[in-house]
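Everything numeric here is computed off the predicted structure, so don't read it as measured data. By convention in this document, chain letters (A, B, ...) are assigned in the order of the sequence lines, proteins followed by strands, and residues within each chain are numbered from 1.
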Number of protein chains: 2
Amino acid sequence: MTTSFDPMSPVCCVSFRLRRAARVVAKTYDAGLKPVGLRNTQFTLLAALVMNGPQNIGQLSHALVTDGTTLTRNLEVLSKRGLIEDARYHEDERVRIVKTSPQGEAIYRQALPLWQTTQQEMLDVFGRERWADLADMLQLVETS
Amino acid sequence: MTTSFDPMSPVCCVSFRLRRAARVVAKTYDAGLKPVGLRNTQFTLLAALVMNGPQNIGQLSHALVTDGTTLTRNLEVLSKRGLIEDARYHEDERVRIVKTSPQGEAIYRQALPLWQTTQQEMLDVFGRERWADLADMLQLVETS
DNA sequence: GTTAATTATCTGTATATGCAGATAATAGAC
DNA sequence: GTCTATTATCTGCATATACAGATAATTAAC
C-alpha cells in the first residue's frame, strides 16, 4: 500500500504537523536542559533578555512573536525563581521593563553549553544545510 | 547590516523556531474553525477518530504522537461537549475505547469545509510543492 | 484643560502539554 | 495457583498559550 501524500487530508494539516514536530523536538531540548531545571521555552525567554538587554513586554512580544498575556505568565515563572526582575523607570508608568538578575545570568551561563550541545547534535543529525532550508520555510509559512 | 544565519545562536534554536511557527499558524486555523467553536487541536483529534474509527488512548497517542495523559484531558473537553463518547468492550478492562458521537460527526462535517478552506488558502499562498518539502523535513526533524 | 481615544499591561477563563507517580487489570514465572 | 512484572489509563502538579475584558496611564481633540 503506497500512502500517497494528500495535502487536503486532515493528516496533512499544516498546523497539526507543525505542532507535532514542535512537541517532539521540544522534549529533546527539555531533556538537555534538565540539569539546570529550565525548559526550552524558559531558556528562550532568558536568552532574549540576556542578548537584547532589559525590555518591556511589548518588545519581547514582538521579538518572540508571543502574546503579551502569555509573556506576563511565563515571566512570572522566571521571576518566582529569581532569574529575572523588574527594572522600573519613570517615563511611562504603564511600561514594565524586565531584566535578568545576576542569578538569571548565572543560570543562563550554565544553560548555554547544554543548549549548544543539544542544538549541535540536532544539527549534526538533521544536517546544517537542511536546517537553513527548514528555517527559511518556517519563516515563510509564518507569513502565509 | 547583514544578519547572517548563525545556527548556534539561541535565536536559531530548532525548538523555538518550530514552536513559534506552530503558534502563528495555529491561530490561522483557529480563526477558520471559529464558526463551529473548534480549535485546530480539537479538529485534529476529532478527525483522527472519524477517519480511523473507535480507538483506545494508546492508539491515538501513537497516531498523533501525543502523550497519553494529554489525550485524556483533550478528550475530556470533547466529551463534555458531547462530541465523543466511550465505547467500552469487555476483553481488557484497562482499555478505554473512544469514538465520535452523532453530534461529533455532525460537527466534523461542518468543520471539514472550514478546515479545507484554511488549508487550501495556506497551500495556495505557501505553495503546494513547498508544503510537500516542508512536511518531509518536519517528519525528518522529528526523528533527529 | 477636560474629555475621548489609544496604548501597555494584567486578570479571568479555558485549553494544550507532559512528567511523576498512582491505580487497576492482564500476562508471565515458578 | 500465587506472586511478580508489565501494561493502559488516570491524577496531581506545573507550565505554555491566547482570547476577552479590565485597569491604568498617556496622548489627541476640542
Exercise for the section: Round to the nearest Å and state the distance from A:Ile97 atom CD1 to C:dT9 atom C1'. Expected result: 13 Å
Exercise for the section: Mark yes or no for whether B:Arg17, through its side chain, and B:Val11, through its backbone, hold a donor-acceptor pair below 3.5 Å. Expected result: yes
Practice task
Identify whether any heavy atom of B:Gly58 sits under 4.0 Å from a base atom; if not, whether one sits that close to sugar-phosphate; answer base, sugar-phosphate or nothing.
Solution key: sugar-phosphate
Practice task
Could you pull out all residues at least two apart from B:Tyr108 that satisfy ring pair (Phe, Tyr, Trp, His ring centres under 6.0 Å)?
Solution key: B:Phe43
Could you list the protein-to-nucleotides 15-19 of chain C atom pairs, N/O on both sides, closer than 3.5 Å?
from: C:dA16; atom 1: OP1; to: B:Thr41; atom 2: OG1; distance (Å): 2.5
from: C:dT17; atom 1: OP1; to: A:Arg19; atom 2: NH1; distance (Å): 2.8
from: C:dT17; atom 1: OP1; to: A:Arg23; atom 2: NH1; distance (Å): 3.1
from: C:dT17; atom 1: OP2; to: B:Asn74; atom 2: ND2; distance (Å): 3.2
from: C:dG18; atom 1: OP2; to: B:Asp67; atom 2: N; distance (Å): 3.2
from: C:dG18; atom 1: OP2; to: B:Thr70; atom 2: OG1; distance (Å): 3.2
from: C:dG18; atom 1: N7; to: B:Thr69; atom 2: OG1; distance (Å): 3.4
from: C:dG18; atom 1: N7; to: B:Thr70; atom 2: OG1; distance (Å): 3.4
from: C:dC19; atom 1: N4; to: B:Thr69; atom 2: OG1; distance (Å): 3.1

Exercise for the section: Starting at atom CG of A:Asp30, determine the distance to atom C1' of D:dT15, rounded to an integer number of angstrom. Expected result: 10 Å
Pick out the pairs of N or O atoms, protein on one side and nucleotides 22-25 of chain C on the other, that lie under 3.5 Å.
from: C:dA25; atom 1: N3; to: B:Arg94; atom 2: NH1; distance (Å): 3.4

Practice task
For the pair A:Thr44 (side chain) and A:Asn40 (backbone), establish whether a donor and an acceptor sit closer than 3.5 Å, ignoring hydrogens and angles.
Solution key: yes
Practice task
Classify the nucleic acid contact of A:Asn56 as base, sugar-phosphate or nothing, counting any heavy atom under 4.0 Å across all strands shown.
Solution key: sugar-phosphate
Exercise for the section: Return the value, rounded to whole Å, for the distance between atom CG of B:Leu33 and atom C1' of D:dC19. Expected result: 16 Å
Practice task
State, without any angle test, whether A:Glu85 and A:Ser101 hold a side-chain donor-acceptor pair at a distance under 3.5 Å.
Solution key: no
Exercise for the section: Treating Ile, Leu, Val, Met, Phe, Trp and Tyr as nodes and any side-chain heavy-atom pair under 4.5 angstrom as an edge, say whether A:Met51 and A:Val65 lie in one connected cluster. Expected result: no
Handout entry: Distance, rounded to the nearest Å, where B:His62 contributes NE2 and D:dT7 contributes P
Key = 15 Å
Exercise for the section: Classify the side-chain pair B:Gln55/B:Arg96 by whether it contains a donor and acceptor separated by less than 3.5 Å. Expected result: no
Problem - Spacing between A:Gln55 atom CD and C:dA8 atom C1', to the nearest angstrom - result: 15 Å
Problem - Distance, nearest 0.5 Å, that separates CG of A:Asn74 from OG1 of A:Thr66 - result: 7.5 Å
Exercise for the section: Determine, for A:Phe126 and A:Arg130, whether the Lys NZ or Arg CZ falls below 6.0 Å from the six-membered ring centre while staying within 45 degrees of the axis. Expected result: yes
